[in-house]
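Down below is the structure, laid out as structure tokens.
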Amino acid sequence: MKNTIPPVKGTRDFYPEQMAVRTWLYETVRLVSESFGYQEWEAPLLETLDLYAAKSGEELVKKQSYVFTDRGGDEITLRPELTPSLARMIARKQNELAFPLRWWSFGPFWRYEKMQKGRAREFFQWNIDLLGVDSPEADAELVAVAAAFLKRVGLDPARARILVNNRRFMDAEFAALGIPPEQRGDVSGLVDRRDKMEPAAWETYARELGLSTKQMDGLQTLLADADGWRRSDELSRLFTALDALGASEYVRFDPNIVRGLLYYTGTVFEAFDVSGSVRRAILGGGRYDNLLADVGGEPVAAVGFAMGDVVVGIILQELGLVPALPVNPSAVLVTVFSPDLLPASLKLAAHLRSAGLNVTCYPEPAKLQKQFKFADRMGMKAALVVGPDEAAAGKVTVKNLKDGTQETIASGQALEAVKKILERH
RNA sequence: GUGGGCGUAGCUCAAUGGCAGAGCACUUGACUGUGGAUCAAGUGGUUGCGGGUUCAACCCCCGUCGCCCACCCCA
């Protein structure tokens with residue numbers, strides 16, 4: 001094909017096959033969210049740039065956001081994430097809402113970034129948040145929701161793992177190492193980058209930040225300590241709750257998880273596919289208790305996570321965990337024998353539809369061979385023929401496409417015959 | 001932005017300087033009222049684009065565009 005206009009870079013075309021997968025993911029997310037009592041909601045896809053300026057992080061706002069000036073002169077952005085919208089909407093109705101709030105959402109987001117595996121510029125994201133509760137048990141609920149999703153799609157604990165840490169815990173540990181508060185952000189960045197850099201380069205970077213040999217050693221020990229969580233009351237309560245929720249088989253403490261977004265205040269977590277080809281997080285989240293106050297509301301405790309559709313989509317496809325999904329809603333084809341019999345076919349199709357069946361009528365007369373081939377390609381289960389012989393006798397031929405049998409019966413019996421074929425699927 | 005890989009039929013890919021091919025898909029027929037299987041024939045190409053080297057370029061060289069992978073960031 002020549003000169004077709006290509007899609008916008010980083011967007012994906014959803015042909016019916018891909019749309020079926022996206023819908024399936026949406027429905028799975030709905031099922032899991034609702035099983036914990038969360039309500040679906042949605043924010044605008046357009047927000048003011050100001051909304052993100054406060055807390056989302058330089059990279060996200062300045063480099064990755066799609067921003068344009070509208071006709072009124074306002075700076076508008078295609079939302080790059082949902083949490084600031086959530087904070088904004090809650091701040092505006094704070095006294096009318098029934099806390100604790102459990103909300104979930106699944107919608108499109110845009111980030112302008114270099115294309116690579118597991119990333120798109122237009123993607124869909126599941127967001128789920130619990131607001132108004134400040135406790136490790138609330139954090140545990142969100143981790144349990146994440147675990148329930150992984151289980152639901154067939155990613156067992158051997159394949160997927162949720163790694164958990166706590167920023168307050170890390171802050172205390174950094175303090176114990178004599179790292180001053182103003183330096184802790186950089187050190188967090190250092191930790192975040194550890195498994196992405198060569199050990200030697202990482203150490204050089206650490207020295208450039210001004211860490212002493214003693215602090216370096218302490219940091220290495222901290223990051224290698226799988227039992228460090230025992231020193232944190234918050235983390236201890238979190239793991240106790242996860243045990244009770246039956247989610248602990250998915251969860252591990254990992255002091256290397258710090259996360260890039262600025263607004264996290266306590267628990268942070270990310271889920272990974274253990275052995276797959278994508279080394280990116282499937283989902284990530286944590287506690288963000290200050291965000292509501294930062295956008296002008298009364299302080300509200302909050303915890304939540306987000307999952308993009310791209311990484312989890314790749315992993316599930318690679319592992320064959322996406323079920324066979326029906327692409328064609330109609331399993332019945334009414335063929336059209338000839339121009340003069342077109343009305344008879346249309347009438348038959350309408351009759352079957354009025355009885356509640358999904359019915360496709362071939363749109364024009366054509367060779368039956370072509371029409372049956374079409375029925376086969378569309379995965380139909382039954383095909384009906386109204387030819388001259390049938391029409392003259394007030395009959396219809398009903399063919400079962402699965403076993404190849406067919407019968408010619410009175411028109412009035414067609415509905416029952418088709419239903420019988422569909423039942424046997 | 002930096003480094004690497006790849007651009008050939010609708011799709012997946014061959015052809016390593018000498019006639020641009022195969023499989024799948026599509027169309028037609030074997031079957032003048034019936035799909036999936038089989039067989040036969042057929043349609044389909046500015047080899048991403050522009051230049052250069054050569055008797056001769058899909059192939060070598062230069063440039064350019066696009067895609068993929070890695071780095072940064074993140075779902």
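In the text below, chain A, chain B and the rest are named by the order of the sequence lines, each starting its count at 1. FYI, side chains are in, hydrogens and waters are out, and symmetry mates aren't considered; it's all heavy atoms of this structure. These numbers come from a predicted model, not from an experiment.
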Problem set entry | A:R184/A:D171 under salt bridge (charged side-chain N to carboxylate O under 4.0 Å, His left out): CA gap, chis, key distance, verdict | CA-CA 7 Å; A:R184 290 173 199 167; A:D171 208 50; 3.2 Å; yes
For this session: Kindly determine whether A:I90 and A:F99 satisfy side chain to side chain contact (heavy atoms under 4.5 Å, CB included), including the steps that lead there.
Result: CA-CA 11 Å; A:I90 287 173; A:F99 289 91; 4.0 Å; yes
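Under the side chain to side chain donor-acceptor pair (under 3.5 Å) test applied with A:R287, the options A:D139, A:T267, A:N166 reduce to a single match, A:D139. Screening A:F149, A:F106, A:W103 for a ring-ring contact (aromatic ring centres under 6.0 Å, His included) involving A:W126 leaves a single residue, A:F149. Across A:R119, A:R12, A:R22, a single residue satisfies salt bridge (charged side-chain N to carboxylate O under 4.0 Å, His left out) together with A:D309, and that is A:R12.
Each of A:F123 and A:K399 lies near RNA chain B, and the nucleotide nearest A:K399 is the one positioned closer to the 5' end.
Listed pair A:R119 / B:C73 fails the phosphate criterion, with no side-chain N or O lying under 4.0 Å from OP1 or OP2. The side chain of A:K370 contributes no N or O atom lying less than 4.0 Å from OP1 or OP2 of B:C26.
When each of B:U34, B:G33, B:C73 is scored by its nearest atom to the side-chain atoms of A:Q64, the top-ranked nucleotide is B:C73. When the nucleotides B:G33, B:G35, B:U34 are ranked by their closest atom to the side chain of A:Q406, B:U34 comes out on top. With B:U28, B:C74, B:G33 as the choices, the nucleotide that has an atom nearest any side-chain atom of A:K367 turns out to be B:U28. Which of B:A25, B:A75, B:C73 sits closest to the side chain of A:V310 comes down to B:A75. In the set B:A75, B:G35, B:G33, the nucleotide with an atom closest to the side chain of A:D389 is B:G33. In the set B:G33, B:C73, B:G35, the nucleotide with an atom closest to the side chain of A:R280 is B:C73. Out of B:G33, B:A75, B:C67, the shortest distance to the side chain of A:R111 is found at B:A75.
Distance check on atom P: B:A15 versus B:C60 gives 12 Å, rounded to whole Å. Nucleotides B:A56 and B:C69, compared at atom P, are 40 Å apart to the nearest Å. Using atom P as the reference point in both B:G36 and B:U43, the two lie 23 Å apart (nearest Å). Comparing the same atom, C1', in B:C72 and in B:U53 gives a spacing of 41 Å after rounding to whole Å. To the nearest whole angstrom, the two C1' atoms, one in B:G3 and one in B:A14, are 30 Å apart. Atom P of B:C11 sits at a distance of 16 Å from the matching atom of B:U47, rounded to the whole Å. Going from the C1' atom of B:G5 to that of B:A9 covers 24 Å, rounded to whole Å. The separation of B:C62 from B:G44, taken at their P atoms, amounts to 36 Å, rounded to a whole angstrom.
In terms of heavy atoms, A:V300 sits closest to A:G132 at CG1-N, 3.5 Å.
B:G66 and B:C6 make up a base pair, with Watson-Crick or G-U wobble contacts both under 3.5 Å. Across all strands shown, nothing is found opposite B:C74 as a Watson-Crick or G-U wobble partner with both distances under 3.5 Å. Under the Watson-Crick or G-U wobble criterion, with both distances below 3.5 Å, B:C60 is paired with B:G52. Base pairing analysis places B:U16 opposite nothing; no Watson-Crick or G-U wobble pair with both distances below 3.5 Å involves it. Judged by Watson-Crick or G-U wobble contacts below 3.5 Å, the nucleotide B:A30 has B:U38 as its partner.
Across all strands, A:A120 comes closer than 4.0 Å to base atoms (heavy-atom distances). At a threshold of 4.0 angstrom between heavy atoms, the contacts of A:V312 with the nucleic acid are absent. If you check every strand for non-hydrogen atoms under 4.0 Å, A:K373 touches sugar and phosphate atoms only. Residue contacts shown for A:G285 are absent, as no nucleic acid heavy atom lies under 4.0 Å away. Nucleic acid contact class of A:A375 (heavy atoms, under 4.0 Å, all strands): none. Contact annotation for A:F337: base contact, defined as any heavy-atom pair under 4.0 Å involving a base atom.
Geometric assessment of A:R161 against the ring of A:F272 yields a negative cation-pi assignment under the 6.0 Å and 45° thresholds.
Taking atom CD on A:Q369 and atom P on B:U28, their separation rounds to 8 Å, with Å as the unit. Rounded to an integer number of Å, the gap from A:N328 CG to B:G35 P is 19 Å. Between the P atom of B:C26 and the CZ atom of A:F374 lies a distance of 13 Å, rounded to the nearest Å. Residue A:R377 contributes atom CZ, which lies 12 Å from atom C1' of B:G10 at whole-angstrom precision. In this structure, OH of A:Y362 is placed 15 Å from C1' of B:G33, rounded to the nearest angstrom. In this structure, the CH2 atom of A:W104 is 17 Å from the C1' atom of B:A75, given to the nearest Å. Taking atom CZ of A:R79 as the reference point, atom P of B:A75 lies 15 Å away to the nearest angstrom. One atom, NZ of A:K381, and another, P of B:U34, lie 25 Å apart when rounded to the nearest Å.
Ring centroids of A:W104 and A:F36 are separated by 6.0 Å or more, keeping the two rings apart.
Taking 3.5 Å as the limit, the base of B:G36 and the side chain of A:D376 contain no donor-acceptor pair of atoms between them.
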